[in-house]
Amino acid sequence: MLDADLAVHERAAELRARHGLRTPDAIHLAVAQRHRCSSLWTNDSRLAPASRDLAVDLMGTTSAR
């Protein structure tokens, strides 16, 4: 488990506004970014453009690039 502090929630709000992500998706991505995770495995291709190369679409053929 990783901490979701105020900075995470602010980043999640920014991701929602900028990329139209749903709240849970934005929070997951913001937590991963805040804690400098090396990847975020997902089956949601909508996270890829917002992730700055962090999200790996397990259902697709490539990473978030």
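The salt bridge (Lys or Arg N to Asp or Glu O under 4.0 Å) analysis of residues 8-17, with sequence neighbours excluded, yields the pairs Arg11-Glu14, Glu14-Arg18. Residues in residues 23-33 take part in no salt bridge (Lys or Arg N to Asp or Glu O under 4.0 Å) pair, two or more places apart or across chains.
Not counting sequence neighbours, the partners of Asp3 by the side chain to side chain contact (heavy atoms under 4.5 Å, CB included) test are Asp5, His35.
Closest approach of Ser51 to Gln33, counting heavy atoms only: O-NE2, 3.7 Å. When all heavy atoms of Val31 and Ala4 are compared, the pair lying nearest together is CG2-CB, 4.1 Å. The two atoms that bring Ala12 and Ala30 nearest to each other are N-CB, 3.7 Å, heavy atoms only. For the pair Cys37 and Leu54, the tightest heavy-atom approach, listed with the atom from each and the gap, is O-CD1, 3.0 Å.
Atoms CG and CG, from Leu29 and Leu15 in turn, are 5.0 Å apart once rounded to the nearest 0.5 Å.
The main-chain N or O of Pro24 is found under 3.5 Å from a side-chain atom of His28 such that the two form a donor-acceptor pair.
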